Amino acid sequence: SMWLGEKNFIGDNNPVLAVGIACSAITTVKIEVGFSDDSADVGAINALDTPTVTAADCCVAIFDTDATEDNWQFAGGRAGTAWSVATVDVAPVANTYNRIVVALQRIDLATDDMAAYLYIDGVLKASKLTAAVANTVKLFPYVLVQGRATTSRTLSVDFFNVWSDRDIDL
């Protein structure tokens, strides 16, 4: 997996992660791209069909061959409760790059309400318009590939860009 190691991003600052990735094979594999507050577990999403999360707050694009669905999905959690998984109409293809963008946005300055968006190959594919993550939880961006069997998988990363607004309380 690839992550920055520090929880340097918060929802209040509208963080965005953009990556270009391609996996060597799309069998017996889990791929996650997004933000999480839990660096102790392998991935933020434990199971998609249920869904359950290992992170308290997270927002990820995910493909998992253990799930029923064969396309990319958008999943996450807030305060340890998983939100409904959104399936999109894009399936990963072995050795073919997808450009994935996961963006968080503070939608109401008077409350802690956060929205989350998933773009794949430049097209908005899914959104969670309320209660995506807690606005003040510290998050880190990451990309994860996890083999679901003894066969190894290689995830090629063409680019990994992350940014956010600066904290205005300097």
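Just so it is clear, the structure is predicted and the values come from calculations on it, not from any experiment.
- Between the side chain of T96 and the backbone N or O of A94 there is at least one donor-acceptor pair closer than 3.5 Å.
- Smallest separation of non-hydrogen atoms from D57 and L139: O-CD2, 3.7 Å.
- With hydrogens and angles disregarded, no donor-acceptor distance shorter than 3.5 Å links the side chain of R153 to the backbone of K30.
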Please step through side chain to side chain contact (heavy atoms under 4.5 Å, CB included) for the pair F9 and L104, ending with a clear verdict.
CA-CA 10 Å; F9 297 88; L104 295 171; over 6 Å; no

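- With hydrogens and angles disregarded, a donor-acceptor distance shorter than 3.5 Å links the side chain of R99 to the backbone of D121.
- Both L124 and L129 belong to a single network of hydrophobic side chains, linked directly or stepwise wherever heavy atoms of I, L, V, M, F, W or Y lie under 4.5 Å apart.
- Annotation: side chain of V33 is in contact with side chain of L17 (closest heavy-atom distance under 4.5 Å).
- A pairwise comparison of heavy atoms in D158 and Y97 identifies CB-CE2, 3.5 Å as the closest pair.
- Contact detail for R78 and A134: the closest heavy-atom pair is CG-N, 3.9 Å.
- Using a 4.5 Å heavy-atom cutoff, the side chains of F35 and V133 are not in contact.
- Of the possible polar contacts, none joining the N71 side chain to the T87 backbone as a donor-acceptor pair under 3.5 Å is found.
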Under the criterion side chain to side chain contact (heavy atoms under 4.5 Å, CB included), I'd like the reasoning laid out for I31 against W72: C-alpha separation, chi angles, the key distance, then a yes or no.
CA-CA 9 Å; I31 304 166; W72 281 104; 3.8 Å; yes

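- Within the 3.5 Å criterion, the main-chain N or O of G43 finds a donor-acceptor partner in the side chain of T54.
- V143 and V16 end up in different hydrophobic clusters when Ile, Leu, Val, Met, Phe, Trp and Tyr side chains are linked at under 4.5 Å.
- For residues 123-134, the pairs satisfying side-chain hydrogen bond (donor to acceptor under 3.5 Å, both in side chains) are D89-K125, with sequence neighbours left out.
- The two residues V85 and A75 come nearest to each other via the heavy atoms CG2-CB, 4.0 Å.
- Of the possible donor and acceptor atoms, none in the side chain of N14 sits under 3.5 Å from a partner among the backbone N and O of D165.
- Counting heavy atoms from C-beta outward, N95 and S24 have side chains that approach closer than 4.5 Å.
- A 4.5 Å side-chain heavy-atom check between V93 and I26 finds every atom pair outside the cut-off.
- Using a 4.5 Å heavy-atom cutoff, the side chains of L48 and E69 are not in contact.
- Formation of a donor-acceptor pair under 3.5 Å by the N46 side chain with backbone atoms of T52 is not found in this model.
- In terms of heavy-atom proximity, V29 sits nearest to C23 at CG2-SG, 4.1 Å.
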Quick one: do T27 and T151 satisfy side chain to side chain contact (heavy atoms under 4.5 Å, CB included)? Show the steps, please.
CA-CA 9 Å; T27 55; T151 306; over 6 Å; no

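- When side chains are defined from C-beta on, V60 does not count as touching S36, because their heavy atoms never get closer than 4.5 Å.
- Contact annotation: the side chain of I45 never approaches that of P51 to less than 4.5 Å [non-hydrogen atoms, C-beta and beyond].
- For the atom pair CD of Q105 and CG of D113, the computed distance is 11.0 Å after rounding to the nearest 0.5 Å.
- Minimum heavy-atom separation, V102 to A61: CG2-N, 4.1 Å.
- The backbone N or O of D66 lies less than 3.5 Å from a partner atom in the side chain of D64, making a donor-acceptor pair.
- Every side-chain contact (heavy atoms from CB on, under 4.5 Å) that T136 has, sequence neighbours left out, goes to D12.
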Determine, stepwise, if the pair T68 / D49 fulfils side chain to side chain donor-acceptor pair (under 3.5 Å).
CA-CA 7 Å; T68 305; D49 289 342; 2.8 Å; yes

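- Results of the ring pair (Phe, Tyr, Trp, His ring centres under 6.0 Å) test with F74 over Y117, F63, W83 single out W83 as the only residue that passes.
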